[in-house]
Amino acid sequence: MHKRTKIKIAVFVLIVGMACMFTAVVTDHWAVLSPPVDKVNQTCEAAHFGLWRLCKKQIYISSEHNLKEHGCGPISLPGVENCTYFRHFTPGLDAEIFEYKTQKEYNISAAAISIFSLAFMILGSLCLVGSYTGKGKGRDYLLKPAGMFFAFAGVCAFISLEVMRQSVKRMIESEETIWIEYYYAWSFACACTGFILLFLTGIALLLLSMPQMPRNPWESCTDAEPEQVE
């Protein structure tokens, strides 16, 4: 396969990865929390949240509901929903989230690291645009920082995922919480997909931008003819 074709495939995969990561950052279905439910024909309060806000939903549990399988949910059931934004960057306030004191630094860290991931994606995209609009050696050179920026974006996405996972674990294990069940929702899956695509494809783009390997054992990389990306 020609090098130009490989780079085009890598760029397409990167676009998909960026779309997944951006979707994860702006949506609030990273995790769904559920309280204990042991009776039917009553309402319960489930919650789903992301990096920026928490949404609580009043769900009516009918007699046809399977308590063992669904608990208070699924979250897609109709109900009254109330969403509030986290006060991440408000100094001097002790925000109480989920009706008990949480480790606020977890949410701040996950949100801040996700912003770094978006920043690296923007820088990588600018390098890609420059590589397509430039000429000569400069065109090939910009592919190297582009691959590095996208790989860094993937690393930041992974760190944000892990911080959020630890945050959910800390919330569930707290003795003051009313939530006993949880699962990771589609926003979390988008972030996982974004991490994998950005990191692996960023590394692949970096390798594609490297000098052509020598065809003969007595040649060095500097002796091999450079392969221009058209």
Side-chain angles (χ1 to χ4, degrees), residues 17-37 44-57 70-76 81-122 148-203:
M18 287 189 289
C20 290
M21 192 60 201
F22 181 78
T23 301
V25 171
V26 300
T27 54
D28 45 36
H29 284 77
W30 284 62
V32 177
L33 307 177
S34 174
V37 179
C44 63
E45 186 178 67
H48 63 87
F49 69 98
L51 297 174
W52 311 107
R53 69 174 185 171
L54 160 73
C55 294
K56 296 181 179 179
K57 193 172 187 179
H70 298 295
C72 183
I75 198 69
S76 57
E81 192 171 54
N82 181 27
C83 297
T84 56
Y85 284 89
F86 296 142
R87 294 178 176 178
H88 286 300
F89 307 107
T90 305
L93 291 179
D94 257 348
E96 290 197 356
I97 303 173
F98 308 129
E99 299 178 351
Y100 71 101
K101 292 182 179 179
T102 63
Q103 296 295 322
K104 188 180 179 182
E105 56 269 20
Y106 280 112
N107 296 321
I108 295 176
S109 300
I113 295 170
S114 68
I115 292 176
F116 279 113
S117 180
L118 294 180
F120 282 127
M121 288 192 296
I122 293 173
M148 294 177 62
F149 283 136
F150 284 120
F152 290 155
V155 172
C156 289
F158 172 77
I159 297 174
S160 183
L161 283 164
E162 180 60 22
V163 171
M164 181 62 73
R165 193 181 70 85
Q166 293 296 329
S167 175
V168 174
K169 183 180 178 181
R170 186 68 175 265
M171 293 171 189
I172 294 297
E173 292 177 351
S174 173
E175 296 179 356
E176 302 176 30
T177 183
I178 63 171
W179 318 105
I180 62 169
E181 297 178 359
Y182 74 96
Y183 63 88
Y184 298 106
W186 57 269
S187 295
F188 191 88
C190 285
C192 291
T193 305
F195 150 64
I196 294 172
L197 296 181
L198 289 171
F199 181 75
L200 295 182
T201 313
I203 297 297

Closer than 3.5 angstrom, by distance alone: can the side chain of [X] be matched with the main-chain N or O of [Y] as a donor-acceptor pair?
| X | Y | result |
| --- | --- | --- |
| His48 | Asp28 | yes |
| Trp52 | Ala111 | no |
| Thr193 | Ala189 | yes |

Checklist line | Residues in salt bridge (Lys or Arg N to Asp or Glu O under 4.0 Å) contact with Glu162, at least two apart in sequence or another chain | finding: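 Residues passing salt bridge (Lys or Arg N to Asp or Glu O under 4.0 Å) with Glu162: Arg165.
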As an exercise, state the distance from [atom1] of [X] to [atom2] of [Y], rounded to the nearest 0.5 Å.
| X | Y | atom1 | atom2 | result |
| --- | --- | --- | --- | --- |
| Leu198 | Ile203 | CG | CD1 | 11.5 Å |
| Met21 | Ile196 | CE | CD1 | 12.0 Å |
| Cys192 | Trp186 | SG | CH2 | 13.5 Å |
| Ser34 | Tyr183 | OG | OH | 8.5 Å |
| Ser114 | Met164 | OG | CE | 8.5 Å |
| Thr23 | Met18 | OG1 | CE | 12.0 Å |

Next item on the list: Specify whether Tyr184 and Phe188 have parallel, tilted or perpendicular ring planes, treating 30° as the upper limit for parallel and 60° as the lower limit for perpendicular.
Entry: parallel
Which heavy atom of [X] sits nearest to which heavy atom of [Y], and what is that distance?
| X | Y | result |
| --- | --- | --- |
| Ala46 | Pro35 | CA-CD, 4.3 Å |
| Ser187 | Ala24 | O-CB, 3.3 Å |
| Ser109 | Val163 | CB-CG1, 4.0 Å |

Notebook entry, point to check: Cys55: what forms a disulfide (SG to SG under 2.5 Å) with it, not counting sequence neighbours?
Noted result: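 Testing Cys55 for disulfide (SG to SG under 2.5 Å), a comparison that skips the adjacent residues, returns Cys83.
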Notebook entry, point to check: Hey, does Phe49 have a side-chain heavy atom less than 4.5 Å from the side chain of Leu33?
Noted result: yes
Show which side-chain atoms of residues 149-161 pair as donor or acceptor with protein atoms under 3.5 Å away, not counting sequence neighbours.
| residue | atom | partner | partner atom | Å |
| --- | --- | --- | --- | --- |
| Ser160 | OG | Ala110 | O | 3.1 |

